[in-house]
Amino acid sequence: MRRPPGNGQAASEGPGGWGLWGVQESRRLCCADHDRCQQALLQIGINMMALPGGRHLDSITLPGQRLEQRTSAWRQERMQRNSEEKGPFPLLHLMQVDSVQRWMEDLKLMTECECMCVLQAKPISLEEDAQGDLILAGGPSPGDPLQLLLKRGWVISTELRRIGQKLAQDRWARVHSMSVRLTCHARSMVSEYSTVSRSSSQEMGQIEKLLMEKCSELSAVTERCLQVENEHVLKSMKACVSETLSTLGQHFGQLLELALTREVQALVRKIDASDNIYTTESTTGNLFSLTQEGAPLCRIIAKEGGVVALFKVCRQDSFRCLYPQALRTLASICCVEEGVHQLEKVDGVLCLANILTDDSHSEATRAEAAAVVAQVTSPHLPVTQHLSSFLESMEEIVTALVKLCQEASSGEVFLLASAALANITFFDTMACEMLLQLNAIRVLLEACSDKQRVDTPYTRDQIVTILANMSVLEQCASDIIQENGVQLIMGMLSEKPRSGTPAEVAACERVQQKAAVTLARLSRDPDVAREAVRLSCMSRLIELCRSPSERNSSDAVLVACLAALRRLAGVCPEGLQDSDFQQLVQPRLVDSFLLCSNMEESFV
C-alpha cells in the first residue's frame, strides 16, 4: 500500500516529517548524449571484464528493490511503505462506501463550507473547475477521534496542496475561496476533536491557536490580493501568501502529529495492558490500519512503543491465534528505521527465529514472520547493516525459510519466504554459501515449474535475485546445469507482463535484467556458456539489445544484456554474425550502449 506537486517546488517540512508538497520525481536517463550512458553504467555498476573471485558479489551490482516493489498487487496493500510523501499527511485515503451513503454523510461538510462563504459575503465560485476543487469527506462516527483525524487530515492536506496549485497559476479568486473553505475545515477539526477527545494538552492548545491565526491571516491576505491590480505589488504579496501557506502547513502538521501521537499512545497502552484476546485483536487491527497511512504514522507507532507491545503479544502462547495479525503489523512498522531499532532492542530477531523454526506454528504465522524478516533486511534500509543479532540467528532463519519455500502451499507464502531469502543474500554474502549447502537451487528451480507457488513476475523476481547473488560462487555453476537452470534463465529473459500495470512491467524488467546478470556471472564456467549458446541465449540477448520494445526501453536491461553477450562471445564467438560482433561486442561498452539506446525499431 503513490502526488501531484503544488507549485512544483518542495516546501519546508514541519517537525516529524510532515512536508507540504515535497515530491521527488523519478528521472529517466536522456537518450541523447554521452553523459546519459556514463550515468547508466555507473548506476548499474557493471564491469563485466573484471570479475573478482572470493565470496563477495560480482561486478554487476543488483539494485535491492524494496519488498513492496517485489510483491504482487494484493500483497502491496499490506506491505507497501513508500518513503515519498504527498502533502502534510501522506497517503491518507477515504473509505470506499456506497455512493448514496457517502453523499448523505458529505452534506454536513458541504453545507459548512457554503454557509461560511455566505456569512463572509463570498459567493461560491462559478469557475468551471470549482466543483472539482470541492473537497469532500464522510463524517466520522461519534466518539471516533482517530477516524476524525484521518478524514479531516486528508481534507485539509488536499486543500493545502490545491491552494498551492492555484497560487502558482495566479488564480486569486480561487485561492481566496479555497482559503475560506480551509479555515472552515480547520475550525471543524479542532472543534470536533476537542469534543470527542475530552482532553487537551497545553502544547496542543497553543498549536491550535497558531493554526487558526494563520488560517485567518491567509484568508485576509488573499482577500486583499483580490483588490490589487499592480503586478509588481501582487508579486510581492504572492511571496507573502506562499510563506503564510507554508507556515500554516507546518502548524497543521504539528497539530496532527500531536493528536495522532495521543491516539497511538492509547492504542499501545490498550494492547500492552489487555489480557483479553478479543480486545487485543481489535486494537491490533486498528494499529495495522494506521500503518497503512504512511511512514510518518509508522514512526509515531514505533516511537510510542508499538513494536514492544506487539512482540509482547507474539511471546504469549495464549495469543497464538493473533500472531499472524501482530506480525503483519510489525512488518508494516519496520518499513522505517525507528521500527527496526525498536525490534533490535527487544530481541525481535530471536523471537522471529523461534517462530520460523517452530513447526507447531501455522504456515500463516511462519509466513508473516518471514515477511518481517524480509522487511528488516530490506536493502533500502541502511540501519539493517547494524543488526548484529540477525547474524547470530541467520543460519537458523535461512534454513527455516528454505524449508518454508519447499513446503509452501500457496503463492503468497512462497513469495514472502523467497523475498526474505533474496534480501538476506544482499544482507550478508555468507548466506549464499548457506543456501548452496541447503540445496536451495534445487528447491527454487523446482518451484518454478509449480504454478501454485510461482505464478507471477514478482515471485520470479525473488528467485532470480537469489540465483544472481549465488552465482558469484564457483560451485553454483554445476548445480545450475544439473537442475537445467540455464533453460530457466533463458525463459526469464522473455518475461512479459500480463496486465500491463506499471508495477508488473517494472517487475518484468527486473527479472530480465537479473537473468542477464546471472547468465553473465555463470558464463565464467565454459560448460554454462556452451549450454547457453546451445539454447540460443545469444540470439535472445541480441534481440533485447536491438529492440527497445522487448526490454520496455529499459537502460538497466540493455546494459546487463550487453555485458552478458560480451561474456558469451568471449567463449563462443562463432555464434555471432559480423554485424552483431562489430556493433555489440567489439566497440567500447559505452559506444554499444549509445548505439542500442538510440534505436527506435528492431533490427532483428
Side-chain angles (χ1 to χ4, degrees), residues 1 67-68 70-81 267-268 270-272 274-293 298 301-302 306-335 339-340 342-343 346-378 393 396-397 400-401 403-421 423 452-453 458-459 462:
M1 321 159 68
L67 175 62
E68 65 271 11
R70 300 201 304 267
T71 54
S72 60
W74 45 263
R75 187 58 180 171
Q76 286 181 16
E77 183 175 353
R78 202 186 321 176
M79 300 287 298
Q80 187 167 359
R81 295 269 69 78
L267 288 175
V268 171
K270 197 171 182 180
I271 293 175
D272 195 51
S274 174
D275 57 359
N276 183 285
I277 190 170
Y278 301 106
T279 301
T280 305
E281 180 181 19
S282 174
T283 311
T284 303
N286 290 337
L287 206 60
F288 174 73
S289 298
L290 283 181
T291 64
Q292 305 307 292
E293 299 295 346
C298 291
I301 295 171
V307 174
V308 178
L310 289 168
F311 269 113
K312 181 180 178 181
V313 172
C314 292
R315 288 188 168 103
Q316 298 183 53
D317 287 339
S318 59
F319 287 154
R320 276 203 167 207
C321 61
L322 300 184
Y323 283 10
Q325 186 182 53
L327 291 166
R328 188 180 308 125
T329 307
L330 280 167
S332 297
I333 299 173
C334 288
C335 74
V340 180
Q342 292 299 317
L343 179 142
V346 297
D347 290 329
V349 173
L350 180 60
C351 180
L352 294 172
N354 291 336
I355 292 174
L356 283 168
T357 55
D358 187 351
D359 291 337
S360 67
H361 288 295
S362 66
E363 184 185 61
T365 297
R366 286 179 286 138
E368 295 297 345
V372 182
V373 172
Q375 191 64 71
V376 300
T377 55
S378 181
S393 304
E396 292 82 359
I397 291 175
L401 289 172
K403 182 179 179 182
L404 188 58
C405 284
Q406 190 172 17
E407 299 175 353
S409 62
S410 67
E412 179 179 9
V413 173
F414 186 91
L415 175 61
L416 295 176
S418 59
L421 286 174
N423 282 352
Q452 187 174 358
R453 287 185 291 170
Y458 306 101
T459 309
Q462 314 310 315

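Note that the coordinates shown come from a computational prediction; the quantities given were computed from them, not determined experimentally.
- Separation of atoms CD (Gln342) and CG (Leu310) is listed at 11.5 Å; rounding is to 0.5 Å.
- Every residue two or more places apart in sequence or in another chain that forms a ring-ring contact (aromatic ring centres under 6.0 Å, His included) with Tyr323 is listed here: His361.
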Assess the residue pair Ile397 and Leu352 against the criterion (side-chain contact (heavy atoms from CB on, under 4.5 Å)); give the C-alpha distance rounded to whole Å, side-chain angles, the decisive distance to 0.1 Å, and a yes or no. CA-CA 8 Å; Ile397 291 175; Leu352 294 172; 5.5 Å; no
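- Under the 4.5 Å side-chain criterion, counting only non-hydrogen atoms from C-beta, Leu356 is in contact with Val373.
- Closest heavy-atom contact between Thr377 and Ala420: OG1-O, 4.4 Å.
- Rounding to the nearest 0.5 Å places CZ of Arg453 at 11.0 Å from OG1 of Thr459.
- For Ser378 (side chain) and Ala374 (main-chain N/O), no donor-acceptor pair under 3.5 Å exists by modelled atom type.
- Side-chain contact between Thr283 and Ser274 is absent, with no heavy-atom pair separated by less than 4.5 Å.
- Scanning all heavy atoms of the two residues, the minimum distance from Thr357 to Ala400 falls at CG2-CB, 4.1 Å.
- For residues 352-361, the pairs satisfying salt bridge (Lys or Arg N to Asp or Glu O under 4.0 Å) are Arg320-Asp358, Asp359-Lys403, with sequence neighbours left out.
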What's the verdict on side-chain contact (heavy atoms from CB on, under 4.5 Å) for Leu330 and Leu343, showing C-alpha distance, side-chain angles and the deciding distance? CA-CA 9 Å; Leu330 280 167; Leu343 179 142; 5.7 Å; no
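- Counting only heavy atoms from C-beta outward, the side chains of Glu363 and Leu404 approach each other to under 4.5 Å.
- Separating the OG1 atom in Thr365 from the CG atom in Leu322 is a distance of 10.0 Å, to the nearest 0.5 Å.
- Contact of the Phe288 side chain with the Arg328 side chain is registered, since non-hydrogen atoms from C-beta on lie closer than 4.5 Å.
- For Asp347, there are no salt bridge (charged side-chain N to carboxylate O under 4.0 Å, His left out) partners at least two apart in sequence or on another chain.
- Going from atom SG of Cys298 over to atom CG of Leu287 covers 9.0 Å, rounded to the nearest 0.5 Å.
- Nearest heavy atoms, Cys314 versus Ala326: SG-CB, 3.8 Å.
- Atom CD of Gln462 sits about 5.5 Å away from atom CG of Leu415, to the nearest 0.5 Å.
- Here Ile271 contributes atom CD1 and Ser282 contributes atom OG; the two are 9.5 Å apart, rounded to the nearest 0.5 Å.
- Between Lys312 and Asp272 the shortest heavy-atom distance is NZ-O, 2.9 Å.
- The two atoms that bring Cys351 and Arg315 nearest to each other are CB-NH2, 3.7 Å, heavy atoms only.
- Heavy-atom minimum distance, Cys334 versus Val340: O-CG2, 3.6 Å.
- For Thr329 and Thr284, the side-chain atoms include no donor-acceptor pair closer than 3.5 Å.
- Between Ile301 and Thr291, the closest side-chain pair of non-hydrogen atoms falls below 4.5 Å.
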